[in-house]
Amino acid sequence: MNAPRHLLALGLFSSHERAVLAQAAREAAIEMTAMSDAATARHWLSEHSASALLIDGESPEADAFAVERRAEAAHSTLPVFVWATEVSDLAFAEAFSWGADDVMQRGALNPLLSRLRQLPKEPIALPASNRGTVLVADDDRSRRIVLGRVLRNAGWSVTFAINDEDLFRFVSERSVDLVVSNTTLTQEPKALLERLQEQGKNPLFVLNTPPRLLHRYRGLLGDFENVSVTDGFAPAENVLFVSNELGRPRGGDKRKSARLLYGTAVGFRSMGREMDDYGYSYNISEGGLYVRTLAPPADDIAWLELVPPRSDRRVRLVGQVVWRRGLAKGEFATVPPGFGVQIVDGAKLDLDHWNERYEQYGGDLNRSLRAGAPPARVPA
């Protein structure tokens, strides 16, 4: 007989919010415990097993508590939800920087209930570390933890460095397949890469940098084949996308259009339903997109609303759900949990606007990569 599943909720919840938590747990056949302070919640977790963690995004302890959990191997795959007063790009960016998986409207029943119902019946096991060794070099502890968690869940064996010399020594002395660093720690990446090449070392190298410095470092490192410079303020899962693309065999791309990183809040609902749920776009293509969420729509036709790249107005599109990724073992390797859609319909003006914005966005990114020009900021 399976052990009972349990939701731990941390925050200062109103009586109405506690009632919503209790109702969602009851309807999802899961036990629920609500606590108001991190110390008590930390002690509870040391003695109990949770199936999911819900955090009040307004709590001053939210970020530290979430990052602490991600530093613990036992909680690396624990689903973490954040309740936000407003579901927005900023709310998603903050939650992802803490290592959370999803954001919901504070006090709303249906989004929480749908996520609880889709929790696996058994604890989520880490996949085998069969993708190789990655060195995460970052002088910020929280970023190290969150990046390490994302890559470990994708099947990488992860180790860490906290300064440039540690990075060089580790790569030169051991077999490392991927390095993820940033321009705060690696301030002279070209010199570092040249030193490594002199040692016969040429791992894949992802360099995170603030958007204002993308132009500088892309121009500086443009001659290195196995290097990618990316937005250091974007969600950690973007590093997974970049490293996957960097490691793909050259000349074997059969995609009809490029997949481009693009992050923004997405309202979605099964066709004909009344209320939107919310996710966060991960990548887009000419005829589709992938949406991060722990509650993909159950039906195969979904209505989607989002702001396209390089735009200030929303579009409503109709998508055919072509694949879903959940929380089961092995499903973290290429994308975070969510669903992919093929865009099949929509108002003509919306479809035209989406296609135009995608083409301009892709063209701008290609030109920036060739010339070292700074691309416009991708919403984080």
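All values below come from the heavy atoms of this structure, side chains included, with hydrogens, waters and symmetry mates left out. Along the sequence shown, residues carry numbers from 1. The shown structure was predicted, so the numbers you read here are calculated from the model rather than taken from an experiment.
Within the 3.5 Å criterion, the main-chain N or O of P308 finds a donor-acceptor partner in the side chain of Y262. Formation of a donor-acceptor pair under 3.5 Å by the E237 side chain with backbone atoms of P336 is not found in this model. A side-chain donor-acceptor contact under 3.5 Å links D350 to the backbone of R316. A distance-only check finds a donor-acceptor pair linking the side chain of R5 to the backbone of A28 [under 3.5 Å]. Of the possible polar contacts, none joining the S270 side chain to the R273 backbone as a donor-acceptor pair under 3.5 Å is found. The main-chain N or O of R357 is never found under 3.5 Å from a side-chain atom of R310 such that the two would form a donor-acceptor pair. The main-chain N or O of P111 is found under 3.5 Å from a side-chain atom of R115 such that the two form a donor-acceptor pair. Y278 contributes no side-chain N or O that, together with a main-chain N or O of Q105, makes up a donor-acceptor pair within less than 3.5 Å. Side-chain atoms of S243 come within 3.5 Å of backbone atoms of L240 as a donor-acceptor pair (strictly under, hydrogens ignored). A donor-acceptor pair under 3.5 Å links the side-chain atoms of Y282 to the main chain of F241, judged by distance alone.
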Run the side-chain donor-acceptor check on residues 294-304: report pairs under 3.5 Å with partners two or more places apart or on a different chain.
from : atom 1 : to   : atom 2 : distance (Å)
D300 : OD1    : R324 : NH2    : 3.1

Report, one line per pair, each donor and acceptor closer than 3.5 Å where one atom sits in a side chain of residues 187-207; sequence neighbours left out.
from : atom 1 : to   : atom 2 : distance (Å)
Q187 : NE2    : T184 : O      : 3.2
R195 : NH1    : E165 : OE2    : 3.3
K201 : NZ     : R174 : O      : 3.2

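Put simply, V179 and F168 are part of the same group of oily side chains (I, L, V, M, F, W, Y) that touch within less than 4.5 Å, one to the next. By the criterion of side-chain heavy atoms lying less than 4.5 angstrom apart, applied directly or through intervening Ile, Leu, Val, Met, Phe, Trp or Tyr residues, L185 is grouped together with F170 in one hydrophobic cluster. By the rule that hydrophobic residues join a cluster once side-chain heavy atoms approach within less than 4.5 Å of another member, M104 and L109 end up as members of one cluster. Hydrophobic clustering of Ile, Leu, Val, Met, Phe, Trp and Tyr side chains at less than 4.5 Å, counting indirect connections, unites V176 with F224.
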**OP:** Determine, stepwise, if the pair L213 / V229 fulfils side-chain contact (heavy atoms from CB on, under 4.5 Å).
**Re:** CA-CA 10 Å; L213 297 177; V229 182; over 6 Å; no

**OP:** Evaluate the side-chain contact (heavy atoms from CB on, under 4.5 Å) criterion for residues R218 and T209: first the C-alpha distance (whole Å), next the side-chain angles of each, then the deciding distance (0.1 Å), finally the verdict.
**Re:** CA-CA 10 Å; R218 282 176 173 164; T209 188; over 6 Å; no

Subject >> Test side-chain contact (heavy atoms from CB on, under 4.5 Å) applied to V291 and V341, step by step >> reply: CA-CA 8 Å; V291 181; V341 299; 5.5 Å; no

Original post:
After noting the C-alpha distance and the side-chain angles of V307 and D312, does the key distance pass the side-chain contact (heavy atoms from CB on, under 4.5 Å) rule?
Top reply: CA-CA 7 Å; V307 177; D312 58 2; 5.8 Å; no

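Atom CG of N130 has more than 12 heavy atoms from other residues, nucleotides or ligands within 6.0 Å. Heavy-atom neighbours of I30 CD1 from other residues, nucleotides or ligands within 6.0 Å: above the threshold of 12. Atom CD of E47 is surrounded by more than 12 heavy atoms from other residues, nucleotides or ligands within 6.0 Å.
Shown here are the salt bridge (Lys or Arg N to Asp or Glu O under 4.0 Å) partners of R143, two or more places apart in sequence or in another chain: D138, D139. For E94, there are no side-chain hydrogen bond (donor to acceptor under 3.5 Å, both in side chains) partners at least two apart in sequence or on another chain.
A donor-acceptor pair shorter than 3.5 Å can be found between the side chains of N153 and S76. When only modelled atom types and interatomic distance are considered, T264 and D89 share a side-chain donor-acceptor pair under 3.5 Å. Side-chain atoms of S129 and S157 form no donor-acceptor pair, as typed in the model, at a separation below 3.5 Å.
Across all non-hydrogen atoms, the minimal contact from S114 to D277 is OG-OD2, 4.0 Å. The heavy-atom pair separating G99 from R70 by the smallest distance is O-NE, 2.8 Å. Heavy-atom minimum distance, S36 versus L12: CB-CD2, 3.8 Å. Annotation for L327 and P337: closest pair CD2-CG, 3.7 Å, computed over non-hydrogen atoms. Across all their heavy atoms, G232 and N208 have their closest contact at CA-CB, 3.7 Å. Closest approach of L306 and A265 over heavy atoms only: CB-O, 3.8 Å.
Partner of Y280 under the ring-ring contact (aromatic ring centres under 6.0 Å, His included) criterion, out of F92, F268, F339: F92 alone. Of the candidates D166, L167, V180, L135 forms a side-chain contact (heavy atoms from CB on, under 4.5 Å) with just one, namely L167.
Side-chain contact check for E27 versus R117: some heavy-atom pair is nearer than 4.5 Å. A heavy-atom distance below 4.5 Å is not found between the side chains of H48 and H6. At a threshold of 4.5 Å between non-hydrogen side-chain atoms, the residues E245 and S228 do not count as touching. The closest side-chain heavy-atom distance from V158 to R149 is not below 4.5 Å. At a threshold of 4.5 Å between non-hydrogen side-chain atoms, the residues L147 and F160 do not count as touching. The shortest side-chain heavy-atom distance between V134 and D177 does not fall under the 4.5 Å cut-off. Looking at heavy atoms from C-beta onward, P210 lies in side-chain contact with F233 at the 4.5 angstrom threshold. No side-chain heavy atom of V239 sits under 4.5 Å from any side-chain heavy atom of V136.
Rounding to the nearest 0.5 Å places CD of Q360 at 10.0 Å from OG of S311. Here R259 contributes atom CZ and Y290 contributes atom OH; the two are 10.5 Å apart, rounded to the nearest 0.5 Å. Atom CG in D102 sits 10.5 Å away from atom CG in L54 (nearest 0.5 Å). The CZ atom of R152 sits 11.5 Å away from the OG1 atom of T77 when rounded to the nearest 0.5 Å. Here the CH2 atom belonging to W156 is positioned 4.5 Å from the CG atom belonging to L178, to the nearest 0.5 angstrom. Distance CG/L21 to CZ/R26: 11.5 Å, rounded to 0.5 Å.
Ion pairing between a basic and an acidic side chain is recognised when a charged N comes within 4.0 Å of a carboxylate O; D101 and R292 show no such pairing.
Cluster partners of V146, using a side-chain heavy-atom cutoff of under 4.5 Å among ILVMFWY residues and allowing indirect links: none. Grouped with M35 in one hydrophobic cluster are L8, L10, W44, L45, L53, I55, F65, L78, V80, the linkage being side-chain heavy-atom contacts under 4.5 Å among Ile, Leu, Val, Met, Phe, Trp and Tyr residues.
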